[in-house]
Amino acid sequence: MNYFYQKTKLGYITIIENNNKIIELKFNKIKNNSNFILSPLIKKTFTELDEYFRGIRKKFDIPIEPNGTNFQKKVWQELIKIPYGTYTTYKDIANKIGNKNASRAVGNANNKNPILIIIPCHRVIGSNNKLKGYSQGVSYQEKLLKIEKII
């Protein structure tokens with residue numbers, strides 16, 4: 001596995017790669033890269049993130065392999081289909097995966113999303129059109145939605 005962290009427009013982000021696929025992307029406050037490796041894939045991911053933060057990139061071209069349950073992976077596959085600059089609700093995702101009563105479970109899957117931004121869980125909001133439940137905090141969700149000019 002390769003790890004690397006870097007400061008971005010929204011703060012420090014750590015990316016973890018395994019077998020030439022990104023398996024984790026999280027916001028954090030790591031301050032030491034001494035045991036980390038900037039692989040070509042991690043470098044490409046940071047480049048695409050920078051383009052996204054500048055409003056240039058609308059879609060990521062990064063191989064990913066999130067680790068989770070079958071249900072979580074099903075939810076995350078739906079999240080990837082949400083177009084840039086749009087949003088949906090937990091209830092809409094539950095309907096799309098064929099379980100209209102799974103809104104809360106969808107929220108839990110969003111909260112466990114290991115590859116933030118690329119799997120755009122920030123584009124999912126409450127049915128009352130309120131931001132809530134973003135694993136990194138609503139302030140990060142709001143910043144990401146502002147980048148996409150959603151709010």
Side-chain angles (χ1 to χ4, degrees), residues 3-18 21-31 36 38 41-151:
Y3 303 76
F4 200 81
Y5 91 99
Q6 185 168 310
K7 188 170 185 174
T8 70
K9 179 179 178 178
L10 295 186
Y12 287 96
I13 291 179
T14 296
I15 297 174
I16 302 173
E17 169 195 353
N18 191 32
K21 293 181 181 169
I22 299 301
I23 61 168
E24 193 169 328
L25 187 159
K26 295 281 185 186
F27 293 102
N28 62 14
K29 297 188 188 316
I30 293 175
K31 305 241 177 172
F36 290 51
L38 182 58
L41 178 58
I42 291 175
K43 186 174 181 178
K44 178 181 179 189
T45 304
F46 276 120
T47 298
E48 289 195 11
L49 283 171
D50 180 61
E51 293 168 352
Y52 168 82
F53 292 143
R54 291 187 289 132
I56 297 168
R57 180 165 293 277
K58 311 266 188 261
K59 199 169 191 172
F60 291 92
D61 183 32
I62 301 293
I64 62 173
E65 190 169 274
N67 185 25
T69 66
N70 288 337
F71 178 81
Q72 289 169 334
K73 289 177 183 181
K74 191 174 188 180
V75 170
W76 300 334
Q77 283 301 315
E78 277 305 314
L79 300 183
I80 291 171
K81 296 175 187 175
I82 304 169
Y84 178 95
T86 65
Y87 65 89
T88 192
T89 65
Y90 298 102
K91 185 176 183 173
D92 289 338
I93 296 294
N95 286 329
K96 286 181 180 175
I97 63 169
N99 189 343
K100 67 180 182 172
N101 297 318
S103 296
R104 189 175 302 258
V106 167
N108 287 332
N110 269 16
N111 190 268
K112 303 291 185 207
N113 174 10
I115 307 174
L116 300 177
I117 305 170
I118 295 173
I119 299 176
C121 58
H122 62 278
R123 295 179 189 151
V124 183
I125 64 172
S127 294
N128 59 0
N129 287 333
K130 297 218 179 208
L131 305 183
K132 65 179 196 172
Y134 190 67
S135 66
Q136 304 295 293
V138 172
S139 65
Y140 278 107
Q141 183 180 22
E142 185 175 12
K143 290 173 186 176
L144 292 168
L145 295 175
K146 282 182 179 179
I147 287 169
E148 296 186 27
K149 298 182 180 18
I150 294 172
I151 59 172

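Both backbone and side-chain heavy atoms feed into the values below; hydrogens, waters and symmetry mates do not.
A pairwise comparison of heavy atoms in V124 and I93 identifies CG2-CG1, 4.5 Å as the closest pair. Minimum interatomic distance between G126 and T89 (heavy atoms only, all atoms of both residues): O-CG2, 3.8 Å. Heavy-atom minimum distance, Y84 versus I147: OH-O, 3.4 Å. Of all the heavy atoms in Y140 and L10, the pair that sits closest is CE2-O, 3.2 Å. Here the closest non-hydrogen pair linking R57 and K59 is NH1-O, 2.8 Å. Nearest heavy-atom pair, Y5 versus T14, reported as atom, atom and distance to 0.1 Å: CB-OG1, 3.4 Å.
Atom CG of N70 sits in a sparse spot, with 12 or fewer heavy atoms from other residues, nucleotides or ligands closer than 6.0 Å. More than 12 heavy-atom neighbours from other residues, nucleotides or ligands sit within 6.0 angstrom of NZ on K58. More than 12 heavy-atom neighbours from other residues, nucleotides or ligands sit within 6.0 angstrom of CG on N18. More than 12 heavy atoms of other residues, nucleotides or ligands lie within 6.0 Å of NZ in K143, so this atom counts as buried by the packing criterion.
With values rounded to the nearest 0.5 angstrom, L144 atom CG is found 6.5 Å from F53 atom CZ. Expressed to the nearest 0.5 Å, how far OG of S127 lies from CG of D92 amounts to 7.0 Å. Atom CD1 of residue I23 and atom OH of residue Y3 lie 7.0 Å apart, to the nearest 0.5 angstrom. Interatomic distance, NZ of K43 versus CG of L38, reported as 6.5 Å (0.5 Å rounding). Taking CG of L116 as the start and CG of L49 as the end, the distance is 10.0 Å to the nearest 0.5 Å. One finds the CD atom of E17 at 4.5 Å from the CG atom of L41 (value rounded to the nearest 0.5 Å).
A salt bridge between E142 and K146 is present, with a side-chain N of the basic residue lying under 4.0 Å from a carboxylate O of the acidic one.
Residues meeting the ring-ring contact (aromatic ring centres under 6.0 Å, His included) test with F60, sequence neighbours left out: Y52. For N99, the side-chain contact (heavy atoms from CB on, under 4.5 Å) partners are N101, A102, not counting sequence neighbours. Listed by chain and number, the residues in a salt bridge (Lys or Arg N to Asp or Glu O under 4.0 Å) with K149 amount to none (sequence neighbours excluded). Applying the salt bridge (Lys or Arg N to Asp or Glu O under 4.0 Å) test to E148 and every residue at least two apart in sequence or in another chain returns R123. With sequence neighbours left out, the side-chain contact (heavy atoms from CB on, under 4.5 Å) criterion links K44 to E48, D61, I62.
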Practice prompt. Could you please spell out the steps behind the side-chain contact (heavy atoms from CB on, under 4.5 Å) verdict for Y87 and L131?
Written response: CA-CA 11 Å; Y87 65 89; L131 305 183; over 6 Å; no
Practice prompt. Please report the C-alpha distance between I80 and W76 in whole Å, then the side-chain angles of each, then the deciding distance to 0.1 Å, and finally whether the side-chain contact (heavy atoms from CB on, under 4.5 Å) criterion is met.
Written response: CA-CA 6 Å; I80 291 171; W76 300 334; 5.6 Å; no
Worksheet item: Between I15 and F4, does a side-chain contact (heavy atoms from CB on, under 4.5 Å) hold up when you go through it step by step?
Response: CA-CA 6 Å; I15 297 174; F4 200 81; 5.7 Å; no
Mind listing the side-chain donor-acceptor pairs of residues 105-114 below 3.5 Å, one per line with the distance, residues two or more places apart or on another chain?
residue	atom	partner	partner atom	Å
N113	OD1	I115	N	2.9
N113	ND2	I119	O	2.8

